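Note that this is a predicted model, so its numbers are computed, not measured. No hydrogens, no waters, no symmetry mates; every other heavy atom, side chains included, goes into these values.
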2 protein chains.
Amino acid sequence: MTNAGQREQDRLYVSPMTRARPYDRDTALDAALTLFWKKGYHATSLKDLEAALQMKPGSIYAAFKSKEALFLLALDRYYQRNRQTLADLQTAHASPLTALAEFLRSFAKAEADDPKRRACMVVRTMLDATEGEAALAVQSRHYLDKMTGEFRAIFDAAKAAGELPEDADTARLARRYQANLTALRIEAQRGLEAAALSDLSEDMACEIEAMRMKKGAESPSAPAN
Amino acid sequence: MTNAGQREQDRLYVSPMTRARPYDRDTALDAALTLFWKKGYHATSLKDLEAALQMKPGSIYAAFKSKEALFLLALDRYYQRNRQTLADLQTAHASPLTALAEFLRSFAKAEADDPKRRACMVVRTMLDATEGEAALAVQSRHYLDKMTGEFRAIFDAAKAAGELPEDADTARLARRYQANLTALRIEAQRGLEAAALSDLSEDMACEIEAMRMKKGAESPSAPAN
DNA sequence: AGTTGTCTTGAGCGATCACTCAATGCTGGT
DNA sequence: ACCAGCATTGAGTGATCGCTCAAGACAACT
């Protein structure tokens, strides 16, 4: 009542005999996500986290158990947001293929706004994970698999909508699409100039939209022409 | 004369009054390359290097100055080898476009042999480099730029050979090709099953080889059909 | 064999790593 | 006003980080 700025976790934590958490879990996780995304798991120290979350080590460990557990929470947050962005594009565009094409273009557009944008955090985590951090390796691959599934579902929807031929291999198309997306975001971090990045995303987006016209195509590797 | 196994550094170090280096610089750099490629810069400790190079810390620093300097030497070695592999394919195949297609296929083939293959070390270094390691960031981007230049030169050769139309944007094609290559190698590390990886490389390779037929194509983003 | 000078050695440097816990605040209930 | 009880604190844990250097080992010369 007194505070209109209440957040989600307040609803989840209403038991008596305890005061509200003085730290804002949502804000803290956002800060952790930003930091981990920017520096990566290995290069981020607890000192960095203390500064970013404005919490002392004891509080961090009381709230998140360990650096790895905190990272996994941040990674999940990252994944859910990407998933939501894609879902929004699906509702915004009637055509599934258009939604996929726009998803690609959106990354080139975002790069124009923020020249310091980073590659996909999930991919980066997968590349960085060592043997001793099996949880990171497993979880990042899990998210990648889920993302492939999302893409495949959209290609399936395109097929159901008549945008793709009945015999289209949607799993294969999904893998190809994800490869494009991964590479595009890496090129963004590489620092490709805006025009070149836009060209690249356009090449990829057109590759998707071109599928709609060619209903006679048999496979993605051998487009009939 | 007594030893047929003499190596490069022996030729570079023939001043009197010194014994031959008891460590094998070539072997040591190979070991460093393997280790750094596998674990990445941050996750590789001096202890790891001591074990892999079979050298004590003092020797490592006497020979290579610092962990970062050693990494840069390993990275250069990595780059030169990739460059050489590509050059070999160019001499093995009369058609530039075929060479590029085979380069892609070779990574899917290599994956079948070694299921633990890693993504491109240069890309990985670029993604990992933090602000404090500017040298790594600069150098990895430098290698990526050089690689783009290599690809462009091959596309130019294809144009000269009549495989591509006169108005083909070879710089743009090179960026698109490099994006494909990067993504393919990341998917390999992700652990994509051999058949799926082979499909992916085939999709990319066919995309290249399909250019040869379509001499009427105006731009890579809008293939005429 | 002795001399010379470089190379190797490995204990150990200060700094930083991820992390812990006894002490201290602060809040809600009475 | 007081108590009960959890959250926060921050100095400090042992381990490990990248790195150094005085001392010893050894080969190439005389």
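When each of B:Lys38, B:Lys116, B:Lys39 is tested with A:Glu131 by the rule salt bridge (Lys or Arg N to Asp or Glu O under 4.0 Å), just one qualifies, namely B:Lys38.
Under the 3.5 Å distance criterion, with hydrogens and angles disregarded, no donor-acceptor pair is assigned to the side chains of A:Asp30 and A:Thr27. No donor-acceptor contact under 3.5 angstrom links the side chains of B:Arg190 and A:Thr182, judged on distance only.
When distances are taken from the side chain of A:Pro57 to each of C:dG10, C:dT20, D:dT9, the shortest belongs to C:dT20. Listed nucleotides: C:dC17, C:dT8, D:dT8. Nearest to the side chain of A:Ala62: D:dT8.
Minimum heavy-atom separation, A:Ala174 to A:Phe151: CB-CB, 3.9 Å.
For B:Phe64 and D:dG18, the CZ to P distance is 16 Å, given to the nearest whole Å. Protein atom CE of A:Met55 is 6 Å distant from nucleotide atom P of D:dT8, rounded to whole Å. Distance A:Lys67 NZ to C:dC17 P: 9 Å, rounded to the nearest Å. Distance CG (B:Leu46) to P (D:dT16): 14 Å, rounded to an integer number of Å. A straight line from CG of B:Asp48 to C1' of D:dC17 spans 11 Å, rounded to a whole angstrom. Atom CZ of A:Phe71 and atom C1' of C:dC17 are 17 Å apart (whole Å). When the C1' atom of D:dC17 is taken as reference, atom CG of B:Leu49 falls 12 Å away, rounded to whole Å. Put simply, NE2 on A:His42 is 14 Å from C1' on D:dC17, counting in whole angstrom units.
Using a 4.0 Å cut-off between a side-chain N of Lys or Arg and a carboxylate O of Asp or Glu, A:Arg172 and B:Glu202 do not qualify as a salt bridge.
Contact annotation: A:Ser45 side-chain N/O to C:dC17 OP1/OP2 distance is under 4.0 Å. Within the 4.0 Å cut-off from OP1 or OP2 of C:dT20, not a single side-chain nitrogen or oxygen of A:Tyr61 is found.
If you check every strand for non-hydrogen atoms under 4.0 Å, A:Lys56 touches a base.
The residue among A:Gly58 and A:Lys47 whose nearest nucleotide of DNA chain C is located toward the 5' end is A:Lys47.
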